[in-house]
2 protein chains.
Amino acid sequence: MEKNQVPDIVVARLPLYLQTLKTLENEGAYNTSSKDLGQKLGISAAQIRKDLSHFGEFGKQGTGYSIKYLTECLEEILHVNKTWDMALIGVGFLGHAIVNFQGFYNQGFRIKCVFDSDPNKIGQIVAGFEIMDIKNLEATIKENRIKVAMITVHAENAQEVTEKLINAGVKSILNYAPIVLKVPTGIQVQYINPIIELQHMTYYLE
Amino acid sequence: MEKNQVPDIVVARLPLYLQTLKTLENEGAYNTSSKDLGQKLGISAAQIRKDLSHFGEFGKQGTGYSIKYLTECLEEILHVNKTWDMALIGVGFLGHAIVNFQGFYNQGFRIKCVFDSDPNKIGQIVAGFEIMDIKNLEATIKENRIKVAMITVHAENAQEVTEKLINAGVKSILNYAPIVLKVPTGIQVQYINPIIELQHMTYYLE
DNA sequence: ATTTCTAAGTTAAATTTATCACAAAACAAT
DNA sequence: ATTGTTTTGTGATAAATTTAACTTAGAAAT
């Protein structure tokens, strides 16, 4: 990935730390340590300390980390101390499930608009969102200054949608279509693909 | 990960190669090369050759790889030259979307049974599957010798479900709940978590 | 037949990533 | 006050991963 100094593989772990901190907080804990976090995440305490050391000093020797404080610091580092508006493109079964997902808001995200190209779907209300015509995608995303989008269209249409999104100013794309997207530098893409994960695991079976 | 010799990070890339090969095949191509695959995947040709070299020789110097042959070889390596029966636990919006997903079968997987704990859901038919009582989970999974499961329950219940699955003989778990599962060695777990991916990307924004 | 071009497989080098081990600090208990 | 315990942050070291470079082989063109 781009932005130098901190390796992307380190950045990729920060959201996991945040997730674990939030779980701990929900359980009523106030403090934790690299050892504790490491055990919960299945990684070494040293790695957690090393990762955090890229960004500053957040703990106290002898006592560890304040969950509240480290949470705040990580949220700031990851820029989720604000709420990002998101667009979702493709309201099939999966898009429907995502629109109904209640877990985004606390984590720095909210769905702002929802698109599809199917005339039978356009105008329908799903979880309080009116499905908009994909023809209005660029105008609407520009107007709302949306920087984050989720793609849940079929693989055949994903690249075309991607180009429209980038054209409209989207910088980060979470792609559920089973295809690698071609994007210019400066655009972030992450993939969600259960088949890939399943095949990864079956390697170890039998 | 466990199984020695081949690094897990290499194994993790094989399903991506397979995905790209299938896309190429659908486009009517017969042959490809490490350079071509690398460009499509955004990784170096050398890495693809190095990765494949862990498992044998699949190409021809000067001409590259037969898509059909390399596909077959990768399917064999990943053990998806058969179809794995899967269980799905938790039929909320997400579980519903997954049960209706048509893309598993060609890739080595099929859903065999579907569980929930909600009395209002048990007995309902979703995409041709009768939702079964989670109380019958262990017996049914043992009976069907199911080795692969997907967890789409709430985070609070994911660990408990995991233990039941492992007890019933499941070896590979695809977990959609936002929590790290504790499992004994020899059990594979992969995670699908859009929040983690989104937060990874927002690090690079603004 | 020879030359040219392409591309796999592989060894070596470079780079990246993870681990180790330790000094310094905080705190509790005596 | 001193001792013992815990745990951070970090520089040094080790391990891993990736890249680069090279040898070999196949195919096409002259």
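Atom CZ of Phe55(B) and atom C1' of dT10(C) are 16 Å apart (whole Å). In this structure, CD1 of Ile48(A) is placed 14 Å from P of dC20(C), rounded to the nearest angstrom. Rounded to an integer number of Å, the gap from Gln47(A) CD to dA16(D) P is 13 Å. One can place CG of Asp36(A) at 15 Å from C1' of dT8(D), the figure rounded to the nearest angstrom. What separates CG of Leu70(B) from C1' of dA8(C) is a distance of 12 Å, to the nearest Å. Rounded to whole Å, the distance from NZ on Lys35(B) to P on dG9(C) is 17 Å. With rounding to whole Å, Phe58(A) atom CZ is found 19 Å from dA25(C) atom P. Protein atom NE2 of His54(A) is 11 Å distant from nucleotide atom C1' of dT16(C), rounded to whole Å.
For dA18(C), one of the phosphate oxygens OP1 or OP2 lies less than 4.0 angstrom from a side-chain nitrogen or oxygen of Arg13(A). Checking the phosphate oxygens (OP1, OP2) of dA8(C), a side-chain nitrogen or oxygen of Ser34(B) falls inside 4.0 Å. Close to dT6(D), at under 4.0 Å from its OP1 or OP2, lies no side-chain N or O of Tyr65(A). The side chain of Thr63(A) places no N or O atom within less than 4.0 Å of a non-bridging phosphate oxygen (OP1 or OP2) of dT7(D). For dT8(D), one of the phosphate oxygens OP1 or OP2 lies less than 4.0 angstrom from a side-chain nitrogen or oxygen of Arg49(A).
The Glu57(B) side chain lies nearest to dG9(C) when the options are dT18(D), dG9(D), dG9(C). Residue Lys60(A) has its side chain nearest to dC27(C) when only dC27(C), dT8(D), dT18(D) are considered.
Distance alone, capped at 3.5 Å, places no donor-acceptor pair between the His54(A) side chain and the Val6(A) backbone. The closest donor-acceptor contact from the side chain of Asp133(B) to the backbone of Lys135(B) lies under 3.5 Å. Side-chain atoms of Asn175(A) come within 3.5 Å of backbone atoms of Ile179(A) as a donor-acceptor pair (strictly under, hydrogens ignored).
In this structure, Asp36(B) and Leu24(B) have side chains that are in contact, with non-hydrogen atoms separated by less than 4.5 Å. Looking only at side-chain heavy atoms (C-beta outward), Phe109(B) and Leu174(B) stay at 4.5 Å or farther from each other.
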Inset, instruction - Walk me through it: do Tyr204(A) and Asp8(B) pass the test side chain to side chain donor-acceptor pair (under 3.5 Å)? - result: CA-CA 10 Å; Tyr204(A) 296 99; Asp8(B) 183 63; 2.4 Å; yes
Could you go through nucleotides 11-14 of chain D and list every protein N or O atom that sits under 3.5 Å from one of its N or O atoms, giving the distance for each pair?
residue: dA12(D); atom: N6; partner: Lys50(A); partner atom: NZ; Å: 3.4

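Between the base of dT7(D) and the side chain of Gln61(A) there is no donor-acceptor pair shorter than 3.5 Å.
Both Ala46(A) and Gly62(A) lie close to DNA chain D; mapped to their nearest nucleotides by heavy-atom distance, the more 5′-ward contact belongs to Gly62(A).
Nucleic acid contact for Leu52(A): none, since no nucleic acid atom lies under 4.0 Å from a heavy atom of the residue.
Annotation for Gln102(A): atom CD does not count as buried by contact number, only 12 or fewer foreign heavy atoms lying within 6.0 Å.
Within the model, atoms CG of Asp116(A) and CD1 of Ile89(A) stand 10.0 Å from one another, a figure rounded to the nearest 0.5 Å.
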